[in-house]
Structures are given as structure tokens and as C-alpha cells.
Amino acid sequence: MASSPGAKLFIIYTGGTIGMAFDDATGALVPMGFREIKYHIPEIAKLGYTFDMHAFHPPIDSSNMSPEIWIELANIIHTHYANYDGFIILHGSDTMAFTASALSFMLENLAKPVILTGSQLPMGEIRTDAKENIITTMEIAAAKKNGKARVPEVCIYFDYYLFRGNRTKKYNTETFEAFHSFNYPSLAEAGIDIKYSDQLILKYPQEPFRINTRLNADIAVLKMFPGITPHTVNAVLQTRQLKAVILETFGNGNTITAPWFIDALKQAVQEGIIVLDRTQCDGGSVELGRYATSAHLLEIGVVSAHDMTFEAAVTKLMVLLGQELTVEKVKQLLGTSLKGELTEK
Ligand code: ASP
């Protein structure tokens, strides 16, 4: 018997490989309902939990994920929040880190686990990783400590590791270990037991749960590379209705220092566009001013993304821009850890 018997879990099945099986008649991958999931994973019955499920019709490949669907997910969780101990989102792995990051900023004062999982091989495959991922996700979503949820945050569980959702990135398309959190340790590791690192998990909130459902996607990405031309830079910075640009920089946040480039950025900042400097490196942080090749960015008002993932930067911007905040306030919050997404220096 698993821990926390009698727990009530709510499963949202959005699509992706995890909930699919090969149809015997056609040989094609088709989405399954929860009855079929229980058929493929009979061990679920032994956990002693009760479940309800909401399945997307039709299920989507997560490459088609969108802010509208994040709002739908937040609303579903809000509707069922009081009646369940934990929430599980079955999701394609491709954009799982974006959804986990978005929800981490949309679900305010979360006191219950919201755990996303998926799989690299479909549920019906003999060597599938779906089975372990689902069973352990259920145990984590049900886990309690001193009568309270053990993991009151949005996470991704995949291949024996529980990661903070907004610290996670899909970094491998082939191995079962598809996700990694480069700048924050895992929150739990599943071996013979599930070992939780309680000191790394977000604190239980004091305020009542609520959701932020206004997002603004008027953002763009400008990725640096040697040889980048003024037409490319200007095309991005002159995007209609642009509110913020993620500048994907070298190393500790460095860029070329050509005057045409600095002037273009300076003008964008003066027009009220937020320029967020995020390193192209997976590990480590932006440190504006450490090298001369970033000192000028600091001077013109570029903001540091610290060690945020790309996924966290995109979704945090969308959520902050969706609130009615001044540009200065958005800039200040970008540099502040709201849900453990960055390491403040
Ligand atoms: N393309 C699929 C998706 O993200 C891959 C997966 O499910 O892992 O929906």
C-alpha cells in the first residue's frame, strides 16, 4: 500500500505520447481514456486512491500548447481545487516545461501539488516509461506531511526525479531522462523509497488560493550569434505591439558591442520595451557588468534574467505583462524570485 491511502486525486489528460496506445486494428497511436490507463497499469488500484479525470477532446500534441489552454488548465484546477488532495497533468513532453512554468506563475498561493508527467514511449508499449512515471506521480501528488501537502508547488516528475516545474527543461529527445533542472536541485528522487528534499520545496502558503488568468504574449526572442545583422535585430525590435524581448546572450549575459546594436537596444528600452537578458547556457547565471561586453547593457536599462530557464522567462513575462503593472514594476518583478524560478544574488 502506498502512503496517504484514501487520497483524492484529479487527473487532467491533455494528450501527448503518455496517454496513447497502438490500436490493434489500425496500428495507429490513439488516445486512451482512464479505463484503458487502469487496464495498462493495473497497479493503480493497489495505491488505494480515488481519482477523477478530465480529458481533452481531442487530446493535443503538446507542440500545439497555447496560453489559452494554460488558462483552461488553471480554471479546471480552480474549479476542483477544494475537493482534491492533488492534481496530475498528463502532458506531451515537448512543451511540458512551458506549461509547468506558466502554471507556477498563474496558480497563486498553491497549497496542493500540481504534478506534470508524460512519457517517451506510449503507455501500450512493453518498455514504456509511462507506468513508472504515472504511479510515482500519483504517490507524490498524494503525499502529506503533518497533514499538509508535502509538495505544494507545480512540478515535473520524469524518470525518477521530481523537479520544480519552472526550473525544468526538456533536454533530450531519446533517453528516458528527458528533463533536467540545471540550476536547482531535484525536489525528490524515487528509488526504493521516494526521498524528498523538504528544505528545497516551496513553503506552504498563508493566503487563499487564487488564479491569474490574464496573459499577454506580445513578446519576442532575439538570439545572439556571431554575424547577426542589423536587419535581423531591427526586424525583431520593431515587431508590432512588442512589449518585451528576451535577449538570448553569450555566457554571463554578453553581446556584441557594435554601436549599431547598442543603439538599437537603447532605443527599444527608451520606447518602453523590456529587454530581458538570458544566457544561452543551460547552467549558471547572467551577471551584467562582469565583462565589458555586458556593462553597456546594464547602462541602457537591460534587465537580468539571472539563472531563469527560457521557459520560465517566456511565461513569467506573459503573466506579468498580463497584469496592469508599470514597466518599472515588471522589471523589478522579473529580477525577483516569485515562485523559486531564479536565484537572487
Ligand atoms: N510530441 C509529443 C508531445 O509533446 C511528444 C511527447 O508526448 O512526449 O505531445
Side-chain angles (χ1 to χ4, degrees), residues 62-70 94-95 97-99 101-102 105 169-171 214-282 285-289 291-335 342:
S62 78
S63 301
N64 280 317
M65 190 45 69
S66 65
E68 289 72 29
I69 303 177
W70 293 334
D94 290 352
T95 61
F98 286 91
T99 299
S101 299
F105 301 118
K169 168 192 169 86
K170 179 172 180 180
Y171 82 113
R214 280 184 318 203
L215 278 75
N216 184 331
D218 284 326
I219 65 174
V221 180
L222 180 55
K223 186 162 184 163
M224 296 305 300
F225 57 90
I228 194 165
T229 65
H231 347 288
T232 306
V233 170
N234 290 330
V236 175
L237 294 179
Q238 284 159 24
T239 304
R240 268 184 60 213
Q241 297 188 14
L242 186 66
K243 300 276 182 308
V245 60
I246 299 173
L247 184 63
E248 286 238 302
T249 54
F250 308 123
N252 289 111
N254 310 319
T255 62
I256 54 170
T257 51
W260 66 263
F261 178 74
I262 303 302
D263 287 348
L265 284 185
K266 192 170 173 182
Q267 193 180 334
V269 173
Q270 279 168 358
E271 285 166 8
I273 294 171
I274 294 163
V275 181
L276 182 64
D277 183 330
R278 202 201 80 86
T279 173
Q280 295 174 17
C281 298
D282 287 327
S285 185
V286 164
E287 282 183 66
L288 290 179
Y291 290 90
T293 43
S294 71
H296 50 287
L297 300 176
L298 201 55
E299 280 156 26
I300 62 176
V302 168
V303 186
S304 169
H306 300 267
D307 57 354
M308 259 194 286
T309 60
F310 177 64
E311 292 82 345
V314 166
T315 56
K316 186 175 180 178
L317 271 172
M318 286 187 188
V319 173
L320 290 179
L321 292 173
Q323 321 303 308
E324 267 144 37
L325 303 170
T326 61
V327 168
E328 280 320 305
K329 185 69 185 168
V330 173
K331 286 184 176 179
Q332 184 223 320
L333 292 175
L334 281 169
L342 60 82

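This one's a predicted model, so the numbers in the text were calculated from it and none came from an experiment.
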- Under the side-chain hydrogen bond (donor to acceptor under 3.5 Å, both in side chains) rule, collect the residues that match up with Ser285, sequence neighbours excluded. none

- Query: Between Gln280 and Glu248, what is the shortest heavy-atom contact and its length?
  - Reply: NE2-O, 2.9 Å

- Note on the structure: OH (Tyr291) and OG1 (Thr257) are apart, to the nearest 0.5 Å, by 15.0 Å

- Which heavy atom of Val286 sits nearest a heavy atom of Asp277, and at what distance? CG2-O, 3.4 Å

- Query: Restricting to pairs with a member in residues 294-313, which pass salt bridge (charged side-chain N to carboxylate O under 4.0 Å, His left out), not counting sequence neighbours?
  - Reply: Arg167-Asp307

Check residues 263-273 and write down every donor-acceptor pair under 3.5 Å in which the side-chain atom is one partner and the other belongs to a residue at least two apart or another chain.
unit_1: Gln267; atom_1: NE2; unit_2: Glu271; atom_2: OE2; d: 3.1

- Message: Testing the basics here: between Ser101 and Ala312, what is the closest heavy-atom pair and its distance to 0.1 Å?
- Response: OG-N, 3.8 Å

- Would you sort out whether Leu276 and Lys316 count as a side-chain contact (heavy atoms from CB on, under 4.5 Å), showing the intermediate values? CA-CA 11 Å; Leu276 182 64; Lys316 186 175 180 178; over 6 Å; no

- Report the residues that fulfil ring-ring contact (aromatic ring centres under 6.0 Å, His included) with Tyr171, sequence neighbours left out, ordered by chain and then residue number. His180, Phe182

- Message: Using a 3.5 Å distance criterion without hydrogens, assess whether the side chain of Lys169 forms a donor-acceptor pair with backbone atoms of Ala97.
- Response: no

- Full working for side-chain contact (heavy atoms from CB on, under 4.5 Å) between Ile228 and Leu222: CA-CA 10 Å; Ile228 194 165; Leu222 180 55; 4.0 Å; yes

- Query: Taking atom SG of Cys281 and atom CG of Asn252, what is their separation to the nearest 0.5 Å?
  - Reply: 7.5 Å

- Atom CZ in Phe250, atom OG1 in Thr279: separation rounded to 0.5 Å? 10.0 Å

- Scanning both residues in full, the closest heavy-atom pair of Ala244 with Leu317 reads CB-CD2, 3.7 Å

- Item | Any Leu321 side-chain heavy atom under 4.5 Å of Ile274 side chain | yes

- Note on the structure: What one should report as the nearest heavy-atom pair of Asp94 and Ser63 is OD2-OG, 3.4 Å

- Thr326 (side chain) donor-acceptor with Lys329 (main chain) under 3.5 angstrom: yes

- Give a yes-or-no answer on whether the side chains of Glu68 and Ser66 include a donor-acceptor pair shorter than 3.5 Å. yes

- Query: Is there side-chain contact between Leu242 and Asp218, with at least one heavy-atom pair below 4.5 Å?
  - Reply: no

- Task: Name all residues meeting the side chain to side chain contact (heavy atoms under 4.5 Å, CB included) criterion together with Val314; count only those two or more places apart in sequence or in a different chain, and write none if there are none.
- Result: Phe98, Ile219, Ile246, Phe310, Met318

- Taking every non-hydrogen atom, the tightest pair across Trp70 and Thr99: NE1-OG1, 2.9 Å

- Message: Do Thr249 and Asn254 make a side-chain contact, defined as non-hydrogen atoms from C-beta onward lying under 4.5 Å apart?
- Response: no

- Task: Name all residues meeting the side-chain hydrogen bond (donor to acceptor under 3.5 Å, both in side chains) criterion together with Lys331; count only those two or more places apart in sequence or in a different chain, and write none if there are none.
- Result: none

